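Presented below is the structure to which this report refers.
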2 protein chains.
Amino acid sequence: MAKELNISVSTVSRALNNHTSISESTRKRVWQLAKEVNYQPNHLAAALRKGRSNLLGVMVPHIEGHFFSSVMHGIETVASKSGFNIMICQSNENVANERKNIESLMNAQVEGILVSLARNTHDFKHFDKVDNLAIPLVFFDRVLEGLNVSSVIIDDYLGAYQAVTHLIEQGCQRIAHFAGPQHLNIYKNRHRGYLDALRAHGLPLDEQLVYTCDMRTEDGTEGMEKLLALDVPPDAVFSSSDFSIVGAMQVLKARQIRVPQDIALVGFSNETFTSLTEPRLTSVDQRCEQMGQSAVKLFLEMLEDRSGSFSPRRIVLQPELLVRESSLRT
Amino acid sequence: MAKELNISVSTVSRALNNHTSISESTRKRVWQLAKEVNYQPNHLAAALRKGRSNLLGVMVPHIEGHFFSSVMHGIETVASKSGFNIMICQSNENVANERKNIESLMNAQVEGILVSLARNTHDFKHFDKVDNLAIPLVFFDRVLEGLNVSSVIIDDYLGAYQAVTHLIEQGCQRIAHFAGPQHLNIYKNRHRGYLDALRAHGLPLDEQLVYTCDMRTEDGTEGMEKLLALDVPPDAVFSSSDFSIVGAMQVLKARQIRVPQDIALVGFSNETFTSLTEPRLTSVDQRCEQMGQSAVKLFLEMLEDRSGSFSPRRIVLQPELLVRESSLRT
DNA sequence: TAGGTTTATGCAAACGTTTGTCTTTTTAGT
DNA sequence: ACTAAAAAGACAAACGTTTGCATAAACCTA
């Protein structure tokens, strides 16, 4: 520390923090010296003393891939703007890791934790500690239903509803659906949105048109083939995932079935490649980045409100239907 | 702290660390109590005292997107395995942010820093501090040439060379190249690989076949149209980016030119969508994940070797050519 | 039982800040 | 010039650990 060189102790601290009760002259001198000796403030020590680490913990199932990396981008951006450093962990879709990571984040004295749950996480036990210590906790995207905790999600139901409504408006009458695993909320809600949109517009529901699968590309091809084998094939497909819809598109091209004239297609997630297919794929954007931003903002609010027990808030983002050529029957 | 409840002080510390000179009985008692009171060790305090934060700083231009998020995945995986928490920053391709982030990471007392540089970073000044404090510094992917510092990159030259050689082996004789901005090393090296592969196989170099652009999809379509307008169009295109090659593919499809029979295509990066196009795109995989892992391993080595000034190492990963239908003229 | 080990624990300093309080110096008001 | 008030700075405690050293208890061995 630069103390000895000058003549002072804690004055240095105040000087560096531009405290009011330090004369301009010494303030200058301290800063000056700081530059010269390449003074490195020790954030750890400050954090320890102040009880504020300026650390925000984030845990996701995995970082790679379009969705989570975009959310992370949003998180980092607004967090750093508020002076927070972010620490990241991956659960690798594994509850045990989730437990360990929470432990680790708590030890690091993070001031808050943003979490997107692993697939097979069904209880809240390992978050009790966080709760007990009143550390702001915000779930995003993968949340636990019916839990009184802050969270930010997108309205999957609405996204699906809009997508299907759009198809109906384009004149489609027989709309199929690729549904994901129904024990996952996101897929369940998209399915509901699909059903309700049909109902709202007086279209009949044909169970044959709903193909439930794991949403991979090859599931999409298989699903499409099944649909084409029906007595009366659909004139549109709404998929809960972009991956499976692209599989469907491949089948249609191979069979020379025109998109969107013969069959219109809409996916979900607005993956990078949806703008690269031919025709480009209509898809529902999940506002990844905004989700990250909202999560951090929610965390910041909770931090403010620390004293009076903050009543958990639930932010529901509006998805955006991005209409592209795969569903535009102009 | 749990001290008062029992009868001890620093014994608790040793007990929790399973220090040898603590009786089994008290060790048990301490752990027991720790569970009961939900004791949270304060990593900050320990870090301060020990001078070891167990923090690893990572700075990338941006997190979202295929490449960096995959590298991050690799980094996080092996770092956490070694007990390191990782702190991430984004420079947003901006040198000023880069400076700020380095500062921030240093303050946080990270034990090492992994960096992928912003596009417009051309000097090393803001890393001097890191160097002076002998904090392990590892560059990955975006590095500064001719600098005596540890780094891990992939052999772009080799990747391009392999790709072009593959095309030649498939019988292509007139191979075009979409080249990226030549002031960026990665693109320059890929260009060199292209040139050398042609030369090595006795093919003539036609300047008309090299289209330099920004590598976006639309650049690819434009480039492809230019190439098709030539008196003698190419029979293959090797692009330094998957995005531009997909643009080219769109043009070819629209014109009913067959891929790969009439024109074969090879891209670079193995983006997610390369397996989703029709036909699927041959591409050069950049070993993103391995790059992250290697960077961390290098950091760990440097940490070991702290005392004896570690002589910087440079790891060059071998890219992998993934041959798919866009270039397979069976 | 004294002397010597071993084993188990306590003491206190230290890590680098921040901050409440107390002291000194300066300024100003009459 | 004397006092009150304001300004600038110093002291020391505190944050929660770790760790070298000292101490106390227990166990041997002769």
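Below, each value reflects all heavy atoms present in this structure, side chains not excepted, and no hydrogens, waters or symmetry copies. Throughout, protein chains are lettered first and strands after them, A, B, ... in sequence-line order, and every chain is numbered starting at 1. Please read these numbers as outputs of a predicted model, since none were measured by experiment.
The residue A:Q40 sits close only to the backbone: its heavy atoms come under 4.0 Å of sugar-phosphate atoms, none of a base.
Per the geometry, CD1 belonging to B:I22 stands 12 Å off C1' belonging to D:dT19, to the nearest Å. Rounded to whole Å, atom C1' of C:dA8 lies 18 Å from atom NZ of B:K28. At whole-Å resolution of the value, CG in B:N18 and P in C:dA8 are 14 Å apart. Summarising the geometry, the separation between CZ on A:R52 and C1' on C:dG16 is reported as 18 Å, rounded to the nearest angstrom. We find that CG of B:N42 is positioned 7 Å from P of D:dG16, with the value rounded to whole Å. In this structure, A:H43 places its NE2 atom 19 Å from P of D:dC15, rounding to the nearest Å. Look at CG on A:L44: it is 13 Å from P on D:dT18, rounded to the nearest Å.
The shortest distance between the side-chain N/O atoms of B:S23 and the OP1/OP2 oxygens of C:dT9 is below 4.0 Å.
Each end of the helix from C:dT1-D:dA30 to C:dT30-D:dA1 gets its own rotation axis from five pairs of C1' atoms, and the angle between them is 40° to the nearest 10 degrees.
Separation of atoms CG (B:L298) and OG (B:S151) is listed at 8.0 Å; rounding is to 0.5 Å. With rounding to the nearest 0.5 angstrom, the CG atom of B:L317 is 7.0 Å from the CZ atom of B:R287.
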Which protein N or O atoms sit under 3.5 Å from an N or O of nucleotides 19-26 of chain C?
unit_1: C:dT19; atom_1: O4; unit_2: A:S10; atom_2: OG; d: 3.1
unit_1: C:dG20; atom_1: O6; unit_2: A:R14; atom_2: NH2; d: 2.3

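Where A:R27 and A:L48 each meet DNA chain D at their nearest nucleotide, the meeting point lying more 5' is that of A:R27.
Among pairs with a residue in residues 69-122 of chain A, those fulfilling ring-ring contact (aromatic ring centres under 6.0 Å, His included) read A:F84-A:F299, at least two apart in sequence or across chains.
With a 4.5 Å cut-off on side-chain heavy atoms, A:Q318 and A:Q290 do not count as touching. The shortest side-chain heavy-atom distance between A:R119 and A:P61 does not fall under the 4.5 Å cut-off.
No side-chain N or O of A:E64 forms a donor-acceptor pair with one of B:S69 less than 3.5 Å apart.
Applying side chain to side chain contact (heavy atoms under 4.5 Å, CB included) to B:V110 and the options B:N54, B:I86, B:L55 leaves one that passes, B:L55.
Scanning both residues, A:Q90 and A:N101, for their nearest heavy atoms gives O-ND2, 2.8 Å. Among all heavy-atom pairs drawn from B:E103 and A:Q40, the shortest one is OE2-NE2, 3.9 Å.
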